[in-house]
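As a basis for the values below, the full set of heavy atoms in this structure was taken, side chains included, without hydrogen atoms, waters or symmetry mates.
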Amino acid sequence: MNTGAVQETARRGSRAWLTPARKQALAPYLLMSPAFAILTGILVYPSLYNIYLSMWKWRLTTPHLSTFVGIDNYVRLLTADPDFWPVTRFSLGFTVATIALEFIIGVASALLLYGLVRGRRLMTSFLLTPYMVAPIAVGLGWRLMWDRDIGIVNYIITFVGLAKVNWLAETDAAFWAIVISEVWRSTPFVTMILLAGITALPNEVFEAAHVDGANRVQVFRRITFPLILPPLVVALLFQTIFKLRVFEIPYILTEGGPGTSTMPYGLLIQRTYFRYFDVGNAAATSVVLLVLGTGIALAYLRLIQDRDG
C-alpha cells in the first residue's frame, strides 16, 4: 500500500470518528477551553506552586539555605505558632457575625425594595453605592468615624450621655467596629442577589397563598424563603469566601490589634511573608485558608444538592 492510500485511509477514519453528534458534544468543551486555560494559568498553577512552597523551610533573606521539610510547617503552624489560633478565632467569629447581620439586613432590604412600586431603580442605585467604594476608602472613612476624640460615633454616644469608647484600641470594641464597617460595605451585594431571586419568583404562587388566607409571615416562611434558598446559598458561599480572606478594612482600622485580636488570615500571611520573610510558613497558612474555604464551599454545595434531591 502506498503512502497516498495510507493517508486517505487515515482521513476516512477521522471523518468517521468525528460524526455530527460527536462534534456537537465536543463544541462546548472547545469553546470553554480558552477560559479553562486562563484559569489554570492564574489559579490552578499558583495554588499548586504555593502548596509546593509550603513544604520548604525558605526565608527570603537566606534563599540558599532552603531545605525540604514536608509537613513540618503545618505541624508548627497548628501546634507552636502563637498567632494562628487567635487569628482563626477572629476570622471565624468575624465571618459568622458579618454574614448573620448582612443576611438579616439584606433579606429585609430586598423585601422592602421588592414592595416598592415606584422608585425601585433609584433606591437600588443608592443602595449599591457602598459596594462601589474601594475597601481602602471605606476603611479610611470609618477610621475617622470610629476615632475616639473626633469621630462621629463617639460624638453621638456622648450626646446621649454615655462615655466615650476607644473603638480601635479595645478588643471587643475593635471587633465590632470592623464588623459594622464590613457589614455597611457588603450588605448591598447580598441585597442585590436576593432581590434578583425574589423578582424571579412566579406571582401566581403568592396570589394563590393570599386567596387561601395566608398572612405575610406565613407567605415568607412557607413560600418566599424556600424558593429563594438557592440564591441565598450562592450569596452565602461568596460572602463566606470574601470574609475569610478579608484584608483591607482590618488592616486600615486596627492593623490586627490590639495584639492579634482583630488579625485575619490575610493580614497574618502578609505579615509572615513581607515582615518576617518566611515563605514556607506564609504558604502553609494560605494553604490552610484554601482548605478551609474549600471545605465550607463544598458544604454549601451539598446543602443545595440535598435540597434539590
Side-chain angles (χ1 to χ4, degrees), residues 90-133 135 138 142 153 175-246 248-250 264 293 295-309:
F90 168 76
S91 297
L92 294 179
F94 170 81
T95 300
V96 172
T98 51
I99 287 179
L101 291 175
E102 286 174 9
F103 274 81
I104 292 173
I105 300 172
V107 170
S109 301
L111 292 174
L112 290 174
L113 287 173
Y114 179 74
L116 289 178
V117 178
R118 296 180 179 179
R120 182 189 297 179
R121 292 183 179 179
L122 181 63
M123 291 300 298
T124 302
S125 301
F126 283 132
L127 187 66
L128 277 175
T129 302
Y131 198 70
M132 294 187 291
V133 180
V138 173
W142 278 98
V153 177
F175 174 83
W176 288 109
I178 294 174
V179 167
I180 293 172
S181 303
E182 178 66 20
V183 168
W184 180 85
R185 189 190 74 87
S186 298
T187 299
F189 176 81
V190 179
T191 302
M192 291 302 100
I193 291 181
L194 297 181
L195 180 61
I198 294 174
T199 305
L201 298 180
N203 292 326
E204 294 79 5
V205 179
F206 298 100
E207 293 173 358
H210 289 305
V211 169
D212 291 338
N215 56 38
R216 292 186 177 182
V217 176
Q218 292 173 330
V219 169
F220 177 77
R221 289 181 56 192
R222 303 293 184 180
I223 299 176
T224 306
F225 183 77
L227 291 178
I228 66 171
L229 188 58
L232 190 69
V233 174
V234 171
L236 185 63
L237 172 60
F238 279 104
Q239 288 300 92
T240 302
I241 295 173
F242 294 157
K243 298 303 178 286
L244 287 175
R245 63 179 182 84
V246 69
E248 296 92 345
I249 289 180
I296 295 175
L298 291 176
Y300 289 155
L301 294 177
R302 180 64 181 271
L303 178 63
I304 297 177
Q305 292 175 355
D306 290 344
R307 180 183 178 275
D308 293 340

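To the nearest 0.5 Å, the span separating CD1 on I198 from OG1 on T191 amounts to 9.5 Å. Separating the CG atom in L227 from the CG atom in L201 is a distance of 5.0 Å, to the nearest 0.5 Å. L236 CG to I99 CD1: the interatomic distance, rounded to the nearest 0.5 Å, is 5.0 Å. Taking OG1 from T98 and CD1 from I180, the interatomic distance works out to 12.0 Å, rounded to the nearest 0.5 Å. Between atom CH2 of residue W176 and atom CG of residue L101 there is a gap of 6.0 Å, rounded to the nearest 0.5 Å. Between the CG atom of L194 and the CG atom of L113 there is a distance of 11.0 Å, given to the nearest 0.5 Å.
Proximity of V138 to E248: side-chain heavy atoms (C-beta onward) are nowhere separated by under 4.5 Å. Between L232 and L229 the shortest side-chain heavy-atom distance falls below 4.5 Å. Contact of the L127 side chain with the M192 side chain is registered, since non-hydrogen atoms from C-beta on lie closer than 4.5 Å.
A pairwise comparison of heavy atoms in P231 and I193 identifies O-CG2, 3.5 Å as the closest pair. For the residue pair A209 and I223, the shortest heavy atom distance occurs at CB-CD1, 3.4 Å. A pairwise comparison of heavy atoms in F103 and A235 identifies CZ-C, 3.7 Å as the closest pair. Annotation for S91 and T95: closest pair O-OG1, 2.7 Å, computed over non-hydrogen atoms. The two residues S181 and A177 come nearest to each other via the heavy atoms OG-O, 2.8 Å.
Listed by first and then second residue, the salt bridge (charged side-chain N to carboxylate O under 4.0 Å, His left out) pairs that reach into residues 224-237 come to none, sequence neighbours excluded. Pairs engaging residues 180-199 under the salt bridge (charged side-chain N to carboxylate O under 4.0 Å, His left out) rule: E182-R185, E182-K243 [sequence neighbours left out]. Sorted pairs that involve residues 192-211 and meet salt bridge (charged side-chain N to carboxylate O under 4.0 Å, His left out), not counting sequence neighbours, are lacking altogether.
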Full working for side-chain contact (heavy atoms from CB on, under 4.5 Å) between H210 and V219 | CA-CA 8 Å; H210 289 305; V219 169; 4.2 Å; yes
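The side-chain hydrogen bond (donor to acceptor under 3.5 Å, both in side chains) search around T240 returns Y300, not counting sequence neighbours. With sequence neighbours excluded, the residues that form a ring pair (Phe, Tyr, Trp, His ring centres under 6.0 Å) with Y131 are F189. Here F94 pairs with F90 under the ring pair (Phe, Tyr, Trp, His ring centres under 6.0 Å) rule; sequence neighbours left out.
Side chain of T187 to main chain of W184: no donor-acceptor pair is present (N/O by atom type, distance under 3.5 Å, no hydrogens or angles).
F225 and F220 have tilted rings, their planes meeting at an angle from 30° to 60° on a 0 to 90° scale.
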